[in-house]
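Values reported hereafter were calculated over all heavy atoms of this structure, with side chains retained and with hydrogens, waters and symmetry mates removed. Bear in mind the structure is a predicted one, so any value in this text is a computation, not a measurement.
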Amino acid sequence: MSIWEYANPVKFMRVSGAMLPWTVAAAVLCCVAGVVWGFLTPLDYKQGATVKILFLHVPAAMMAINIWVMMLVASLIWLIRRHHVSALAAKAAAPVGAVMTLIALATGAIWGQPMWGSWWEWDPRLTSFLILFLFYVGYIALWSAVEDPDSAADLTGVLCLVGSVFALLSRYAVLFWNQGLHQGASLSVAPGERMSAIYRYPLYLSMLGFFFLFLALLLIRTRTEIRKRRLAALIAREMRT
């Protein structure tokens, strides 16, 4: 069995249809359990109750970056192998990624205001995240602006390659520029830098929930895009006859 078999729209629809109920159930269970568990954790000795926004901010920021990476892989598959499902999956993922980036920016502002005394600072990571959000908006707009689907997939694929630079900057900006206000990575394997287990385990669960939420939305939206493409093909065939 080859992974490329799932690039067949018929097989993708069949497999994704079977996966979808389980994915939705996992997303609801993990998101609710992770966020509720997180908000029931004790107050932080420095940040007080403000630290609890961690359970929304970190998973959203993680998904904002990783969704763009997924779009990059799907776009490369389209540009190299011309599989339409991969192009439609990248298109379907973009609005979800934009919303995740917006959630990360909004929750970061709410978290940063009491910590920094300001809703916004031109911190390297914040700035790169804002640029990433603009790339998401530009990607969505480009898909809408180009009438031919294959041409739109080609152009957005190239845009995705360029935007990947800012996805990497968003992830590693704190390491590149030490003068930034933003704290280091919330999760670390380095000795002495690990988050307390009180916060770490509910955060893991919340991150897993956000992953399943994205996967469920990706399947739903990709299935919708495939149906729209089929409908457009049927309408074009009817007009020719």
Worked check of side chain to side chain donor-acceptor pair (under 3.5 Å) between His84 and Asp150:
CA-CA 8 Å; His84 286 92; Asp150 288 356; 3.3 Å; yes
Is it true that the NZ or CZ of Arg81 lies under 6.0 Å from the centre of Trp78's six-membered ring and within 45 degrees of the ring axis?
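No; the conditions do not both hold, so Arg81 does not lie above the ring face of Trp78.
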Would a distance-only check, ignoring hydrogens and angles, find a side-chain to backbone donor-acceptor pair under 3.5 Å from [X] to [Y]?
X: Ser86; Y: Arg82; result: no
X: Tyr136; Y: Leu102; result: no
X: Ser151; Y: Glu147; result: no
X: Trp68; Y: Leu132; result: no
X: Thr23; Y: Met19; result: yes

As an exercise, state the distance from [atom1] of [X] to [atom2] of [Y], rounded to the nearest 0.5 Å.
X: Ser75; Y: Leu155; atom1: OG; atom2: CG; value: 11.5 Å
X: Phe212; Y: Leu218; atom1: CZ; atom2: CG; value: 13.5 Å
X: Leu88; Y: His83; atom1: CG; atom2: NE2; value: 13.0 Å
X: Leu40; Y: Ile198; atom1: CG; atom2: CD1; value: 13.0 Å
X: Cys30; Y: Phe210; atom1: SG; atom2: CZ; value: 11.5 Å
X: Leu54; Y: Thr107; atom1: CG; atom2: OG1; value: 10.0 Å

For [X] and [Y], which heavy atoms make the closest approach, and how far apart are they?
X: Ile67; Y: Ala93; answer: CG2-O, 3.6 Å
X: Ala152; Y: Trp143; answer: CB-CE3, 3.6 Å
X: Gly108; Y: His57; answer: N-ND1, 3.4 Å
X: Leu205; Y: Ala33; answer: CD2-CB, 3.6 Å
X: Arg223; Y: Met13; answer: NH1-O, 2.7 Å
X: Pro95; Y: Ala92; answer: CD-O, 3.5 Å

Please check if [X] and [Y] belong to a single hydrophobic cluster, counting links between Ile, Leu, Val, Met, Phe, Trp and Tyr side chain heavy atoms closer than 4.5 Å.
X: Met62; Y: Ile53; value: yes
X: Val137; Y: Phe129; value: yes
X: Val28; Y: Leu20; value: yes
X: Ile131; Y: Met71; value: yes
X: Ile110; Y: Val58; value: yes

Take Phe12 and Leu219, measure what side-chain contact (heavy atoms from CB on, under 4.5 Å) needs, and give me the verdict at the end.
CA-CA 9 Å; Phe12 176 84; Leu219 292 176; 4.1 Å; yes
Going through the distances and angles, do Trp37 and Phe55 end up as a ring pair (Phe, Tyr, Trp, His ring centres under 6.0 Å)?
CA-CA 9 Å; Trp37 185 8; Phe55 304 104; 8.8 Å; no
Lys91 and Thr156: side-chain contact (heavy atoms from CB on, under 4.5 Å), yes or no, with the steps?
CA-CA 9 Å; Lys91 179 184 179 182; Thr156 52; over 6 Å; no
Run the side-chain contact (heavy atoms from CB on, under 4.5 Å) test on Leu234 and Glu238 for me, step by step, so that the C-alpha distance in whole Å, both residues' side-chain angles and the decisive distance to 0.1 Å come before the verdict.
CA-CA 6 Å; Leu234 290 172; Glu238 287 294 325; 5.5 Å; no
